[in-house]
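Below, each value reflects all heavy atoms present in this structure, side chains not excepted, and no hydrogens, waters or symmetry copies. The structure displayed is predicted, hence computed values, not measured ones.
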Amino acid sequence: MDWLTTVDHKKIGILYLLAGGLFFGIGGIEAILIRIQLIKPLNDLVSEQAFNELITMHGTTMIFLGVMPIIFALMNAIVPLQIGARDVAFPFLNSLGFWTFLFGGLLLNLSWIVGDVPDAGWTSYVPLASNEYSPHHGVDFYTIGLQISGLGTLLGGINFLVTIINMRAPGMTYMRMPMFTWASFITSALILFAFPAITVGLILLMFDRLFSGNFFNVALGGNPVLWQHIFWIFGHPEVYILILPAFGIISDVLSTFARKRLFGYSSMVFATILIGFLGFMVWAHHMFTVGLGPVANALFSIATMLIAVPTGIKIFNWIFTLWGGSIKFTAANLYAIGFIPTFVMGGVTGVMLASAPANFQFHDTYFVVAHFHYVIVGGLVLGLFSGLHFWWPKMFGRTLYEGLGKATFWMFFIGFQLTFFVQHFLGLIGMPRRVATYLPNQGFDTMNMISTVGAIMMGIGTLMFLWNIFITSRQPKNASNDPWEDGRTLEWTIPSPPPEYNFKQTPLVRGYDAWWKEKMDGNKEMTPAEPLASIHMPSPTILPFFMSVGLFIAGFGFMYGRDLFENAILGFLFNNYIVSIIGLGITFGCMFLRSVYDDPGYHIEVEELEDKGGRA
């Protein structure tokens, strides 16, 4: 019950981590099935239909339900600690964001059990996603599941924007914030502007499918290219929503383990802002083959190449941060260092794809698959593994085993390079993407086999990481406040795991790398910015859980509202939208209760704080 009702950002971070881990595992299994199907020519492990379902669900699950919540897990667990806050700005909203995300994801993956799986690709292009070509409920699961899930992400983005703007400790100016907090801040702004676009697109597609709307139906005046624009106006900033937090993690990890200040901090901040800004100006580079014309293609081509500039600034700053540092090769740092060349590789192929004439040749080949996996897996997933190893003791009070962590890194890293490096060449010699099989003796056989072996190695690496979590979870919680001994930021000044109120007294920040500065001045703890006083805390609540359950039921009801049922009672309930009304009734009822019931929260008194110890 404690976990169902919690509004504590640290517990919600752990819930996000569990949910993200679950969906990441599902997406990973789908990926391995895709690769086993392609291990040899004319393989028949899965049917063409099942293959379409696998590639659709793999992409959708990984992007929306696998890596996003793990990013949110780290943002929840770390950002309030890094800025010296006791909680996020809206604890209730934080809980609601998690539960809507979870139930949206569960609704989407319920499609496997029902047997109507989305099969129009993770981009769900119309007319392939229309009733004519996808007559079953697969795409409905996609539209409704992602709407509910995206609502949770949007709430999270708004919450973190307000938290970072309003809840920084005294002295924590914008230009003293750690890079991970900066990256989370820009990511939240991108979420605020990008997610409404996909929400509008999904609503239009849902109306087309469930209520005979004609937004994308050419015969009745609709336009299928409109869906592509709406999808990619969201879809390209989404790439930066994913990668910017990884940039922040890498910046914090490298400076900690090189034991020196991050090189070019202010240029890193401005590069992050510029990447976020330019990210909204490049969406049509996904549409070079649509026929937008030479002017549009040229403009989007140039804008895409421009993004290489701030990204390059970051790469050089990371290298200069390492240069001359006394580097510790911990597991977290290995992931961070491995990230740099891998991400550069993804960036270089991105510049190749930004050239419209070249893109025309590469577009539907494995070259594109290789490119975006180098960015998302070689960039983001390595970044997430780095962050998880780095902040694990802070979140759970236990340090992961270093030896096993390093072995995991090499297994995953080598597996990754084997999987995706050869796919560039597969694409260049003409292997099309999204095909379920291929004929022998076209030059594809060996490289596909290597790729599949690499994918299995990545799977083994992920299992090794889970094994590391399992065996360390049985150890006592004995991590110190600053287990790496070189912590630079505020989260390393409080116990691991932190108490529910985070900071007994709000710390006074006197410079960038606030904790490192105090250590260099010979202080054993942060100077408090306030006297010891009772701390106000928000009360736990079950309402967000039930609001999300209501949305789940309503979504299910809308989906089956026009189906013919053999059972008269079921037909009555669904065809008259009674199920949907019940679901929405639960949600609005909870909203009403939230409005009329004034929750004063509770206080932790000074006597309790003194009993519990815990430093400022």
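Using a 4.5 Å heavy-atom cutoff, the side chains of K406 and Y401 are not in contact. At least one side-chain heavy atom of K314 sits less than 4.5 Å from a side-chain heavy atom of I275.
In this model, no donor atom of one side chain and acceptor atom of the other lie less than 3.5 Å apart for E530 and Q505. For the residue pair Q82 / D252, a side-chain donor-acceptor distance below 3.5 Å is found, with atom types taken as modelled. For S496 and K477, the side-chain atoms include no donor-acceptor pair closer than 3.5 Å. Side-chain contact check for W182 and Y265: at least one donor-acceptor pair (N or O, by modelled atom type) lies under 3.5 Å.
Looking only at distances, a side-chain donor or acceptor of R168 sits under 3.5 Å from a matching main-chain atom of I164.
In this pair, H58 and H373 present their aromatic rings parallel. The plane angle is below 30°, not in the 30 to 60° band. Relative orientation of the F339 and W318 rings is perpendicular, given thresholds of 30° and 60° on the angle between their planes.
Cation-pi check for R488 over Y512 is not met; the charged atom does not lie both under 6.0 angstrom from the ring centroid and within 45 degrees of its normal.
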Result block: side-chain N/O donor-acceptor pairs under 3.5 angstrom for residues 11-23, not counting sequence neighbours:
| unit_1 | atom_1 | unit_2 | atom_2 | d |
| --- | --- | --- | --- | --- |
| K11 | NZ | D2 | OD1 | 3.3 |
| K11 | NZ | D2 | OD2 | 2.5 |
| Y16 | OH | F98 | N | 3.4 |

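Residues forming a ring pair (Phe, Tyr, Trp, His ring centres under 6.0 Å) with F412 (at least two apart in sequence, or on another chain): F385.
Not less than 6.0 angstrom separates the ring centroid of F390 from the ring centroid of Y335. Taking the centre of each ring, Y374 and F416 come in below the 6.0 Å mark.
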#### Entry: From CA spacing to verdict: side-chain contact (heavy atoms from CB on, under 4.5 Å), L382, F343
CA-CA 10 Å; L382 290 181; F343 188 78; over 6 Å; no

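Between the CE atom of M57 and the CG atom of L33 there is a distance of 13.0 Å, given to the nearest 0.5 Å.
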